[in-house]
Amino acid sequence: MYKDKSNNQLESKLEDVNTSLKHSIKNMDSYTHVRGESLYVDDVNIRQGTFHAVVFDSPKAHGKIKSIDYSKAEALEGVERIFTYKDIPGENEIGGIIADEPLFAEDDVHFWGMPIALIVAETEFIARQARQLIKIDIDELPVITTAKQAKAKGSFINAPRSFSIGNTEKAFADCEYVFEGETFSNGQEHLYIEAQGAYAEPLENGNIKITSSTQGPTAVQATTARVLGVAMHKIEIDVTRLGGGFGGKEDQATPWAVMAALATFHLNQSVKLVLNRHDDLRMTGKRHPYESSYKIGLSKDLKILAYQAEFLQNSGAAADLSPAIAERTLFHATNSYYVPNVTTTVLSCKTNLPPNTAFRGFGGPQGMFVIESAIAKAAHEIGVPSRAIQEANLLDENDTFSYGQIAKQVEAKNSWNSAKSVYHLETLEQEVEAFNRVNKIFKKGMALMPITFGISFTNTPMNHARALVHIYLDGSVGISTAAVEMGQGVNTKMMQIAADVFSIPIDKIKIETTNTTRVANTSPSAASSTADLNGKATLMACNTLVDRLKAVASEDLQVSEKDIILKNEFVYINDLKSDLSWTELISKAMLKRVALTENAHYATPEIHFDKTIEKGHPFAYHVYGTAIITATVDCIRGTYEFDSVKMVHDYGKSMSEGIDLGQVEGALVQGIGWMTMEEIAYSHEGKLLSNALSTYKVPDIFSVPKNVETIPLETEGHDQAILKSKAVGEPPLMYGIGAYFALQNAIKAFNPNYNLKFHAPMTPEKVLMSLYEKQEHN
Ligand code: MTE
Ligand code: HPA
Ligand code: MOS
């Protein structure tokens, strides 16, 4: 790659520098985070005369708007104006994949929390007071809150999708065992610490700049332009960083930015719109709840010969990203297993909930929960541990996924076997059994959770990025990409790449804000692909600049270009240090009028997918790993603790071990939260009941497993991963699925009459009921 392959000795020295960088690197944002100096939307220095906005939203989940009376609100002192769909100069349409979502409701409302109007006032307080003065009369219509109800009524977002391979019908006939069942996994609130928000400012000539807390600056720009009926070049989006996104700001950061811009458009004044927590919880979509059914067929020696599943996705009231998320459910329906005969179908069911959206894993976790449930059911019925079935079916090199991609550089067995041996699985098992023999009130359960997650946007055209790199005349460097920093450490990784290629210290490098004027037409920071896509573009741009600089140095030092190496801020001629420093080299390049700016474009090679046959090679590569989770259940109270989670994770060759470990641990805990304690509840009328942190429990420091260990699987990495450092953002969330089955195994140890249920989250209430339930049939 960028290293001089002609000199092995030097290469190994460079390797040393890189190794120390990767070990020592901290998330560069941590310095400003701990001082409280990091900037978010709410920290933007607002301009004099800035207005503040609050959204007026539907107090009913479904109905026709009979009348709205804004007069009292408008008359309140300090209220500037109230905007509705009537004030939209362009299209009242914000749907990204399907044009089915208005910015503001017109004649009818489709979910509780649906935006109807924007109240703009001198202060946020006044706007909130005005909101209470609005009177709305709605003719209520029947409300659908579950996917099953939607299916029964034929209420769908789009046509169903199906993946199939082999001949499932025929294969079931040959199976020794066939089991069927149903599963449910609930939604999940993103609970990013920074709520949704945007700040819009008028520039000259009707241009508008929006500071937005978005993962997708281009989506915000394009949608604002569409709603305002102006060209995209009139709208500039700027993002410093997010206080978390987790998918919740891939699409759903857009409406608030558009609303602020709409008010700015009319008032020619800056407008700030930052949702408070209650408004954010009520108005935004979450992870999709899924109601699914499965049929699994196994041979006598526990090989899964056939698998069939139907996934009912609760999409909410508009498409948002649901079709793409549904697709990823199908891609991950068989998790880490090779199944020769598969038929999976997903239906995006239209309900009267806020449109559900991207959430770490993007539909993959929902699909994986179903096959893990099917395996648990089969294991229970056959009378073997789940891990016997899991182990017998792990993916191998050259196995074909149901979507046609041939598995390469597969680490499913490697990670599984490594986890078993390094963590002494047999001893762990014996400890659990020994504990359960002597303890009546406390029971332990253990589960293994293998993961296989595909890296790339499943929509092939989205897999591209650009980087704009400037070397300033003093030798400092500024980098702009499409990458949005949301806590995952992508900015630090970009810095590392440039520091590595230029061989200069990291403090000479600045990552600029993510801005649509500097880097245009970008995909959102999502799909765990941000570092790969933007990092590759950065690498390309930096390499081109190095080539140019080498030419300058070669002329200056009168040696061949191929002998020139940039190292530790100096030019080396092979391993001989010259007197020419990085800074002097840049000055010389300036005098020679060499361009010190480069813009590179990267598009993932090889990937393709044909939706007409649902076959192709959609993923650049897969990430693998295995977790062993142990839980202890208090069988009097139904409460539980996780004793340990022991993971072997495939980082490839991690370029930033601390950051990647943080991603693994954070994702794991988020996954455990989804599977065990975070319970979203809507009333039958479609009102969010879990609308505060007092009614929605997320993992805190006390619910984190007592012992979390992660061992990197030493693998080659992959050429399409940045510096062979594999994507890490989403995959480890799915280790958390093991938590459900660890609890289930503990329940089984206490109550032999327990009827296996697959209904996540496994809250303490559900554990308690399961501990004491009597067998329903047989
Ligand atoms: N980590 C933090 N701290 N905050 C986040 O919002 N988002 C996750 C993951 N890790 C997130 C995070 C999600 S949903 C994705 S897709 C990836 O980060 C996006 O960043 P990446 O592509 O750089 O991995
Ligand atoms: N992952 C995450 N976000 C996305 C994807 C995907 O595959 N496709 C579109 N947005
Ligand atoms: Mo992540 S769900 O792809 O933003």
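By convention here, the first residue in the shown sequence is residue 1. Atoms within a ligand are numbered from 1 in the order they appear, just like the ligands themselves.
- A side-chain N or O of N335 and one of E372 form a donor-acceptor pair less than 3.5 Å apart.
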Under the criterion salt bridge (charged side-chain N to carboxylate O under 4.0 Å, His left out), I'd like the reasoning laid out for K286 against E189: C-alpha separation, chi angles, the key distance, then a yes or no. CA-CA 5 Å; K286 305 163 197 325; E189 165 56 42; 2.8 Å; yes
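- At a threshold of 4.0 Å, the pair K724-E716 counts as salt-bridged, since one of the basic side-chain nitrogens sits closer than that to a carboxylate oxygen.
- Those atoms of ligand 1 with a heavy atom of G247 less than 4.0 angstrom away are 14 (S).
- Between T513 and R518, the side chains place a donor N or O and an acceptor N or O closer than 3.5 Å (distance only, hydrogens not considered).
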Which donor-acceptor pairs under 3.5 Å do the side chains of residues 327-334 make with protein atoms, sequence neighbours left out?
| from | atom 1 | to | atom 2 | distance (Å) |
| --- | --- | --- | --- | --- |
| E327 | OE1 | T458 | OG1 | 2.7 |
| E327 | OE2 | R161 | NH1 | 3.2 |
| E327 | OE2 | R161 | NH2 | 2.8 |
| R328 | NH1 | G454 | O | 2.9 |
| R328 | NH2 | S456 | O | 2.6 |
| T329 | OG1 | Y290 | OH | 2.6 |
| T329 | OG1 | I325 | O | 3.2 |
| T329 | OG1 | G363 | O | 3.0 |
| H332 | ND1 | R328 | O | 3.1 |
| H332 | NE2 | G454 | N | 3.0 |

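- In summary, the side chains of T612 and D610 do present a donor paired with an acceptor at a separation below 3.5 Å, with no hydrogens or angles considered.
- On a distance-only criterion, F359 and ligand 1 share no N/O pair closer than 3.5 Å.
- Considering each of H190, E730, K249, Q663, the one bringing a non-hydrogen atom nearest atom 12 (C) of ligand 1 is Q663.
- Under the 4.0 Å criterion applied to side-chain N and carboxylate O atoms, K493 and D660 are assigned as salt-bridge partners.
- When E194, R360, M486 are checked for heavy-atom proximity to atom 4 (N) of ligand 1, M486 turns out nearest.
- When only modelled atom types and interatomic distance are considered, D650 and S415 share no side-chain donor-acceptor pair under 3.5 Å.
- The contact shell of ligand 2, taken as protein residues with any non-hydrogen atom closer than 4.0 angstrom, comprises E250, R328, F362, F457, T458, M462, A526, A527.
- The N/O atoms of S525, backbone and side chain alike, include none that comes under 3.5 Å of an N/O atom in ligand 1.
- Applying the ring pair (Phe, Tyr, Trp, His ring centres under 6.0 Å) test to Y192 and every residue at least two apart in sequence or in another chain returns H190.
- In this structure, the side chain of D280 does not engage the main chain of L275 through any donor-acceptor pair within 3.5 Å.
- Close approach of ligand 1 to A527 (heavy-atom distance below 4.0 Å) involves ligand atoms 16 (S).
- Nearest to atom 3 (N) of ligand 1 by heavy atom, out of A531, G487, G244, is G487.
- Within the 4.5 Å cutoff, no side-chain heavy atoms of P761 are placed close to those of M677.
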Is there any protein N/O under 3.5 Å from an N/O of ligand 3, and what does the full list of such pairs look like?
| from | atom 1 | to | atom 2 | distance (Å) |
| --- | --- | --- | --- | --- |
| ligand 3 | 3 (O) | A527 | N | 2.7 |
| ligand 3 | 3 (O) | E730 | OE2 | 3.3 |
| ligand 3 | 4 (O) | Q215 | NE2 | 2.9 |
| ligand 3 | 4 (O) | G247 | N | 3.4 |

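- In the model, S38 has a side-chain atom that pairs as donor or acceptor with a side-chain atom of H33 under 3.5 Å.
- You'll find the ring centres of F619 and Y403 inside the 6.0 Å limit.
- Ranking protein heavy atoms by distance to atom 20 (O) of ligand 1, first place goes to Q488 NE2, 3.1 Å.
- Applying the 4.0 Å criterion to heavy atoms of S529 picks out, from ligand 1, the atoms 22 (O).
- Remark: ligand 1 atoms within the under-4.0 Å shell around heavy atoms of T530 are 20 (O), 21 (P), 22 (O), 23 (O).
- In the vicinity of G245, heavy-atom distances shorter than 4.0 Å reach the ligand 1 atoms 5 (C), 6 (O).
- Residue A727 places no heavy atom under 4.0 Å from ligand 1.
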